[in-house]
Amino acid sequence: MGKCKLSELTAAFLAVEGILYVSFLHMDLTGYGGDTVPVKYAGILLCLAFALLCALRGGDWLVPIALALTAGADWFLLVRNDCYALGIVLFLCVQTVYFLRLRRAGAGSGYFLRCGLALGAGLAVYAAGMATPLNLLAALYFSQLLSNTALAWTMKGKPWRLFALGLTLFVGCDACVGLFNALPAASPLFPAASVGMWLFYLPSQVLIALSALPEKEVSHEENQ
């Protein structure tokens with residue numbers, strides 16, 4: 001049950017996630033995307049389970065809390081494919097938890113950055129003629145994701161590099177989501193955006209889950 005065991009579980013986690021990732025990408029690219037929902041959601045639940053295991057072994061407890069909220073958001077947005085406002089609100093809660101994690105570790109508040117990005121995102125949605133309550137809520141969420149990503153890259157240490165890279169891929173996923181919802185189906189970019197959402201998303205959650213590893217475990221891996 002020591003460090004070696006957790007290392008083995010980490011390797012198993014990455015192996016299973018890799019199998020799930022290759023499986024749903026293959027199905028998406030070969031036209032069987034409708035069958036990928038259980039596979040994709042299983043990948044998110046596995047991230048939650050791994051982060052919870054890390055927390056029980058001395059890792060960060062805020063990550064499994066955020067990933068539980070993520071799983072809730074994906075339940076509405078992916079599995080049920082309804083209650084979009086609730087799904088976005090849950091993702092906004094995810095970013096609030098990540099902000100608390102960053103602040104607890106000594107990151108700045110980024111107050112002006114947060115306010116500026118939120119205002120800019122709202123104005124962009126308005127200028128595009130898409131200022132519905134749902135789109136404005138999504139713009140607020142995206143602005144907080146961008147703010148957390150910028151703050152994460154100011155932190156030092158391997159767990160924070162994993163976290164920052166995970167959030168960066170998260171941004172890539174949501175950029176594809178925005179394109180998917182804004183572009184006509186006939187656009188040549190539409191298929192790329194469709195596949196790109198989960199091309200970025202599952203790796204982002206895997207990296208975030210890995211950032212919850214106990215620091216002693218990360219130090220052990222770096223010294224090997």
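Numbering starts at 1 and runs along the sequence shown.
Not counting sequence neighbours, the partners of Arg80 by the salt bridge (Lys or Arg N to Asp or Glu O under 4.0 Å) test are Asp82. In this view, Asp60 and Arg101, Arg104 satisfy the salt bridge (Lys or Arg N to Asp or Glu O under 4.0 Å) rule, not counting sequence neighbours. Applying the ring pair (Phe, Tyr, Trp, His ring centres under 6.0 Å) test to Phe163 and every residue at least two apart in sequence or in another chain returns Tyr98, Trp160. When the side-chain contact (heavy atoms from CB on, under 4.5 Å) test is applied to Ala55, the partners found at least two apart in sequence or on another chain are Trp61, Pro64. Remark: Asn135 pairs with Val125, Met130, Thr132 by the side-chain contact (heavy atoms from CB on, under 4.5 Å) rule, at least two apart or across chains. Here Phe13 pairs with Glu17, Leu46, Cys47, Phe50, Val206, Ala209, Leu210 under the side-chain contact (heavy atoms from CB on, under 4.5 Å) rule; sequence neighbours left out. With sequence neighbours left out, the side-chain contact (heavy atoms from CB on, under 4.5 Å) criterion links Leu199 to Tyr21, Leu25.
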What pairs of donor and acceptor atoms, side-chain ones from residues 83-96 against any protein atom, are under 3.5 angstrom apart with sequence neighbours left out?
{"unit_1": "Tyr84", "atom_1": "OH", "unit_2": "Asn81", "atom_2": "O", "d": "2.8"}
{"unit_1": "Tyr84", "atom_1": "OH", "unit_2": "Asn81", "atom_2": "OD1", "d": "3.0"}
{"unit_1": "Gln95", "atom_1": "OE1", "unit_2": "Asn148", "atom_2": "ND2", "d": "2.9"}
{"unit_1": "Thr96", "atom_1": "OG1", "unit_2": "Leu92", "atom_2": "O", "d": "3.0"}

Sequence neighbours left out, cut at 3.5 Å: what donor-acceptor pairs do the side chains of residues 164-184 make with other protein atoms?
{"unit_1": "Thr168", "atom_1": "OG1", "unit_2": "Trp153", "atom_2": "NE1", "d": "2.8"}
{"unit_1": "Thr168", "atom_1": "OG1", "unit_2": "Ala164", "atom_2": "O", "d": "2.8"}
{"unit_1": "Asp174", "atom_1": "OD2", "unit_2": "Tyr141", "atom_2": "OH", "d": "2.4"}
{"unit_1": "Asn181", "atom_1": "ND2", "unit_2": "Val177", "atom_2": "O", "d": "3.0"}

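The hydrophobic clustering, which links ILVMFWY residues whose side-chain heavy atoms are closer than 4.5 Å, places Leu117 and Leu123 apart. Hydrophobic clustering, with ILVMFWY side chains joined whenever heavy atoms are under 4.5 angstrom apart, keeps Ile44 apart from Ile19. When the side chains of ILVMFWY residues are joined at heavy-atom separations under 4.5 Å, either directly or via intervening members, Leu134 and Trp75 end up in a single hydrophobic cluster. No path of Ile, Leu, Val, Met, Phe, Trp and Tyr side chains, each step under 4.5 Å between heavy atoms, connects Leu119 with Leu151, placing them in separate hydrophobic clusters. When the side chains of ILVMFWY residues are joined at heavy-atom separations under 4.5 Å, either directly or via intervening members, Leu202 and Leu29 end up in a single hydrophobic cluster.
Closest heavy-atom contact between Leu48 and Ala68: CD1-N, 3.6 Å. The two atoms that bring Val195 and Asp28 nearest to each other are CG2-CB, 4.4 Å, heavy atoms only. Considering every non-hydrogen atom in both Ala66 and Val97, the closest pair reads CB-CG1, 3.9 Å. Of all non-hydrogen atoms in Pro214 and Cys54, the two that sit nearest each other are CG-O, 3.9 Å.
With contacts defined as side-chain heavy-atom distances shorter than 4.5 Å, the pair Ser109/Arg103 qualifies. Side-chain contact between Lys40 and Val79 is absent, with no heavy atoms from C-beta onward closer than 4.5 Å. Between Val63 and Ser211, some side-chain heavy-atom pair lies under the 4.5 Å cut-off.
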Chi angles and distances behind the side chain to side chain contact (heavy atoms under 4.5 Å, CB included) call for Leu53, Leu9: CA-CA 9 Å; Leu53 175 64; Leu9 290 172; 3.4 Å; yes
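Counting only residues at least two apart or on different chains, the side-chain hydrogen bond (donor to acceptor under 3.5 Å, both in side chains) pairs with a member in residues 182-209 are Asp74-Tyr201.
Taking Ile, Leu, Val, Met, Phe, Trp and Tyr as members and joining any whose side-chain heavy atoms lie under 4.5 Å apart, directly or through other members, the hydrophobic cluster of Phe112 also contains Tyr111. Through ILVMFWY side-chain contacts below 4.5 Å, Tyr126 is grouped with nothing and stands alone.
Taking OG1 of Thr154 as the start and CG of Leu102 as the end, the distance is 7.5 Å to the nearest 0.5 Å.
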